[in-house]
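Letters A, B, ... mirror the listed sequences (proteins, then strands); counts begin at 1. Just so it is clear, the values below take in all heavy atoms, side chains as well, and ignore hydrogens, waters and symmetry mates.
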Amino acid sequence: MLRAIRASWKTRIEEELKRMNGDVVIPPLTVQTPPKIELGDIAFPLFAQAKVLGMSPPALANELKNRLGDHELLVAGPYLNVRIDVGELALHLAKKVSEDGDHYGHTRVLDGKRVMVEFSCPNTNKPLHLGHLRNDSIGESVSAILKANGAEVRKVNLINNRGVHICKSMLAYRKFGNGETPESTGIKGDHFVGDYYVRYNQEVEKDPSLEAQAQAMLKAWEDGDQETIELWTKMNEWTLQGLAESYESMNISFDHYYYESETYRYGKDEVLKGVEKGVFYREADNSVWVDLESIGLDKKVLLRSDGTSLYMTQDLGTAIKRNEDWPFDSMIYVVASEQQYHFKVLFYTLSLLGYEWAEDLHHLSYGMVNLPDGKMKSREGKVVDGDDLVEELQTLAREEIIAKEREDQVGDLAETSRAIALGALNYYLLQVSPTKDMIFNPAESISFNGNTGPYLQYMGARISSMLKRYDKEIPTSFDGSVLSLEDERSLIRQIAIFGEVVERAGEGYDPSQITAYLYELSKTFSRWYHDNPVLKAATPALIEARVGLSAMVLQVLKNAFALVGIPFLAAM
RNA sequence: GCGCUCGUAGCUCAGCUGGAUAGAGCGCCGGACUUCGAAUCCGUAGGUCGAAGGUUCGAAUCCUUCCGAGCGCGCCA
């Protein structure tokens with residue numbers, strides 16, 4: 001609705017400009033939002049138009065206001081602004097929000113589009129670490145945002161369960177495992193296997209021959225050696241069971257799993273076809289290459305001289321397979337920025353093979369996550385374990401609740417602590433633009449004050465608590481004209497633009513648009529609610545309008561929470 | 001060396017794709033609870049937007065150069 005109002009003002013003012021001087025071509029107006037609520041709701045800067053007309057921008061603004069003579073117009077220097085009637089907008093929104101409910105703010109810009117989102121992609125030789133957490137957070141959130149824009153989304157996970165690194169943990173287990181299992185030791189499967197991977201790296205320092213043994217094991221695996229396959233199957237199951245538990249506890253899920261043990265064979269045929277077509281070439285040693293110098297990249301190997309495939313070969317094949325499995329309009333790879341080069345090569349190589357959909361592939365690259373006390377380095381054993389981190393956040397949340405003596409208000413303490421930990425984690429990770437490296441500060445993320453997930457959850461709980469005390473039906477229609485405070489018009493405007501924020505987040509694959517919006521909305525509500533009574537407002541009409549407004553804010557909070565993985569905590 | 005990404009308050013981050021006096025949070029200092037959840041709210045201080053040029057009515061945003069940081073540059077994944 002706000003969009004329609006903007007558009008109609010734009011044409012109205014442009015027509016007036018044309019009437020002022022029909023001889024010159026007037027540049028189209030740009031539409032903006034004023035930086036402060038006192039300056040109105042829509043802004044039209046007049047610099048370019050004034051120049052063409054030979055006037056100063058402020059003079060033109062005044063002239064336009066006089067000509068149009070509308071009470072909603074106001075002149076602010078070189079800007080002509082519109083201060084819209086919020087009463088009418090509030091009424092419209094109340095109806096819309098209550099009708100749309102959990103879908104309020106969703107758009108249809110991606111209706112009919114099929115989008116595949118690949119994320120997480122763990123190795124089966126160790127548990128998830130902090131980097132995976134950012135990956136999973138972004139993957140889940142972007143998927144939810146695309147769905148909210150109307151797309152049909154398929155979330156896929158590619159399990160890296162093959163390769164020499166997997167054999168390393170297997171080798172260590174065979175040598176030092178003594179038949180122990182996750183069950184017998186009580187250790188979660190992924191951690192159990194991960195411990196053997198660490199053990200390998202310790203042992204190989206003392207005995208370098210282990211390296212060759214791991215390679216030999218990979219060969220045995222590829223040759224289908226029964227004992228090796230059995231060990232591999234068993235250890236993979238342990239890890240995957242552990243990972244499944246982690247995913248579940250973090251509300252992460254997938255529509256489909258791909259396994260590298262199957263996909264690693266893909267792509268060879270495609271590469272050979274490419275050779276026939278002449279887009280790739282063969283070296284004297286029989287290896288196959290693609291020359292990317294025309295786009296400023298190097299030459300890249302696609303098949304080894306012994307004819308075996310590589311990571312790139314496999315990714316080529318996997319992309320093609322996926323498009324066959326589930327033809328998509330676009331596919332997003334959520335993968336760390338260190339693989340930017342890989343994806344450039346991958347996408348361009350696919351286009352060389354003649355796949356037109358190669359241009360619909362997108363690498364959603366995200367930066368590294370570090371801790372306040374320095375870099376995360378796996379070699380130095382400074383990897384931050386994902387399960388441990390969530391556990392730590394949960395403990396911090398529980399301690400905070402107990403310290404504030406809020407136990408009786410939160411219901412199930414363990415469940416609430418978990419919800420707060422997840423909200424804190426997801427909000428903190430998503431509040432930063434994906435492309436940037438970031439520092440994750442656990443204590444800061446869990447704080448109940450400031451720009452954090454728990455703060456937002458608290459706002460949601462408070463509003464729902466207040467609304468529970470209201471003894472009548474929540475109004476879906478009320479007289480919005482009594483909402484005359486600046487904070488009230490600000491809230492109404494924010495509710496109105498939620499859909500645009502969702503759309504922008506979808507266009508840029510950028511959850512931080514949602515987190516920024518959430519904080520702004522909560523902050524405004526919080527200030528307003530602190531200063532102004534709702535249930536005890538002066539008149540029945542004002543009570544009704546403010547309750548209606550609060551209910552709208554609550555619905556928008558819930559809907560936005562769902563897009564960034566923040567669990568909603570209802571009032572007890 | 002080459003390529004990609006980035007540089008905004010003491011710290012952690014926004015800045016709506018070129019517009020109004022560059023904004024938050026944390027921390028510091030100072031205020032506000034007999035009242036709807038104080039897990040809150042309000043205020044003060046804190047900036048040469050890495051540097052220098054350029055484009056234009058207008059630049060944190062676009063271009064060039066330089067400085068600094070991270071990540072890549074395997075017949076590893």
_Using heavy-atom distances to pick each residue's nearest nucleotide on RNA chain B, tell me which of A/N451 and A/Y311 is more 5'._
A/N451
_Ring geometry between A/H129 and A/H132 (parallel below 30°, tilted from 30 to 60°, perpendicular above 60°)_ = tilted
*Distance-only, no hydrogens or angles: does the A/W232 side chain make a donor-acceptor pair with backbone N or O of A/N161 under 3.5 Å?*
yes
*asked:* Please enumerate all residues that pass ring pair (Phe, Tyr, Trp, His ring centres under 6.0 Å) together with A/Y519, with sequence neighbours excluded.
replied: A/Y455
*Atom CZ of A/F343 to atom P of B/A77: distance rounded to whole Å?*
14 Å
*asked:* Whether A/E222 and A/K219 form a salt bridge (side-chain N of Lys/Arg under 4.0 Å from carboxylate O of Asp/Glu) is what I want to check.
replied: no
*Quick one: does NZ or CZ of A/R322 land under 6.0 Å from the six-membered ring centre of A/Y258, within 45 degrees of the ring axis?*
yes
*Contact class for A/F47 (heavy atom, under 4.0 Å): base, sugar-phosphate, or nothing?*
base
_Please tell me if A/R527 has a side-chain N or O lying less than 4.0 Å from either OP1 or OP2 of B/C42._
yes
*Verify the neighbour count for atom CD of A/E293: are there more than 12 heavy atoms of other residues, nucleotides or ligands below 6.0 Å?*
yes
*Nucleotide B/C76, atom C1' - distance to CD of A/E260 in whole Å*: 11 Å
*Report yes if a donor N or O on one partner sits less than 3.5 Å from an acceptor N or O on the other, where the partners are the side chain of A/N125 and the base of B/A77; otherwise report no.*
no
*Quick one: A/Q32 CD to B/U61 P, roughly how many Å, whole number?*
17 Å
*Would you mind classifying the nucleic acid contact of A/E520 as base, sugar-phosphate or nothing, using non-hydrogen atoms under 4.0 angstrom?*
nothing
_Proximity to the side chain of A/L39 - top-ranked nucleotide from B/A20, B/C57, B/G37_ = B/A20
_Categorize A/A76 for me: base, sugar-phosphate, or nothing, with a 4.0 angstrom heavy-atom threshold over every strand shown._
base
_Please report the distance separating the C1' of B/A59 from the corresponding atom of B/C49, rounded so that it comes out in whole Å._
11 Å
*Using the P atoms only, state how far B/C6 lies from B/G25, rounded to an integer number of Å.*
26 Å
*Fit a plane to each ring of A/F525 and A/Y529, take the angle between them on a 0 to 90° scale, and name the class: parallel (under 30°), tilted (30 to 60°) or perpendicular (over 60°).*
parallel
*For B/U48, decide between syn and anti, treating a glycosidic angle within 90° of 0 as syn.*
anti
*Can any side-chain N or O of A/N160 pair as donor or acceptor with the backbone N or O of A/C121 at less than 3.5 Å?*
yes
*Provide, to the nearest angstrom, the distance between the OH atom belonging to A/Y529 and the C1' atom belonging to B/U35.*
11 Å
*Distance between C1' atoms of B/G46 and B/A9 (Å, rounded)*: 6 Å
*Would you indicate what A/Y519 reaches in the nucleic acid, counting non-hydrogen atoms under 4.0 angstrom: base, sugar-phosphate, or nothing?*
sugar-phosphate
_Quiz item: cation-pi between A/K558 and A/F568, 6.0 Å / 45°_ = yes
*Could you work out which one of B/G72, B/A20, B/A38 sits closest to the side chain of A/Y341?*
B/G72
*Roughly how far apart, to the nearest Å, are B/A24 and B/G15 at atom C1'?*
10 Å
*Touch check for A/N161, heavy atoms < 4.0 angstrom, all strands: base, sugar-phosphate only, or nothing?*
nothing
*Lys/Arg N to Asp/Glu carboxylate O, A/E486 vs A/R83, below 4.0 Å*: yes
*When rounded to the nearest Å, what value does the distance between P atoms of B/C73 and B/C26 take?*
41 Å
*Assign A/A43 to base, sugar-phosphate, or nothing according to its heavy-atom contacts below 4.0 angstrom with the strands shown.*
base
_Looking only at the side chain of A/H530 (C-beta and beyond, no hydrogens), which of the listed nucleotides B/A77, B/G25, B/A32 gets closest?_
B/A32
*Checking all strands, does A/D298 fall into the base, sugar-phosphate, or nothing category for heavy-atom contacts under 4.0 angstrom?*
sugar-phosphate
*Give the nucleotide from the list B/A77, B/A20, B/C71 with an atom nearest to the side chain of A/M368.*
B/C71
*Rounding to the closest angstrom, what is the interatomic distance between B/G68 and B/U8 at atom C1'?*
15 Å
*asked:* Roughly how many Å apart are B/A20 and B/C2, using the P atom of each and rounding to a whole number?
replied: 37 Å
*Where the side chain of A/L535 is defined as all heavy atoms beyond and including C-beta, which of B/A77, B/C36, B/C41 is the nearest nucleotide?*
B/C36
*Using the benzene-type ring in the case of Trp, are the ring centres of A/H342 and A/Y311 under 6.0 Å apart?*
yes
*Where the side chain of A/K536 is concerned, which of B/A32, B/G37, B/C36 is the nearest nucleotide?*
B/C36
*asked:* Quick check on B/C33: syn or anti? Syn means the glycosidic torsion is within 90 degrees of zero.
replied: syn
*Where the side chain of A/R398 meets the backbone of A/S417, is there a donor-acceptor pair that is under 3.5 Å apart?*
no
*Measure from CD on A/Q49 to C1' on B/C57 and round the result to the nearest Å.*
12 Å
_By nearest heavy atom, map A/I401 and A/Q314 onto RNA chain B; which one lands nearer the 5' end?_
A/I401
_Given B/G70, B/G25, B/G37, identify the nucleotide with an atom nearest to the side chain of A/K523._
B/G25
*How many Å lie between NE2 on A/H363 and P on B/G72, as a whole number?*
13 Å
*Taking OP1 and OP2 of B/C76, is either one under 4.0 Å from a side-chain nitrogen or oxygen of A/R304?*
yes
*No-hydrogen, no-angle side-chain donor-acceptor test under 3.5 Å, A/T124 and A/N236*: yes
_Rounded distance in Å between the P positions of B/G23 and B/U44_ = 13 Å
*asked:* Could you tell me how far apart A/I463 (CD1) and B/C36 (C1') are, to the nearest whole angstrom?
replied: 12 Å
*Take atom NZ of A/K344 and atom C1' of B/C71, then tell me their distance rounded to the nearest Å.*
12 Å
*asked:* What contact category does A/S526 fall into here, base, sugar-phosphate, or nothing, at under 4.0 angstrom with non-hydrogen atoms?
replied: sugar-phosphate
*Reading nucleotides 7-17 of chain B 5' to 3', which nucleotides get B (base under 4.0 Å from a protein heavy atom), which S (sugar-phosphate only), which -?*
S----SSSSS-
*So what does the secondary structure string of RNA chain B come out as, 5' to 3', with Watson-Crick or wobble pairs under 3.5 angstrom, [ ] for crossing and | for pairs with another strand?*
(((((((..((((.....[...))))..((((.......))))......(((((..]....))))))))))))....
*Assign A/A461 to base, sugar-phosphate, or nothing according to its heavy-atom contacts below 4.0 angstrom with the strands shown.*
base
*Name the nucleic acid region contacted by A/N532, choosing base, sugar-phosphate or nothing; use a 4.0 angstrom heavy-atom cut-off, strictly under.*
base
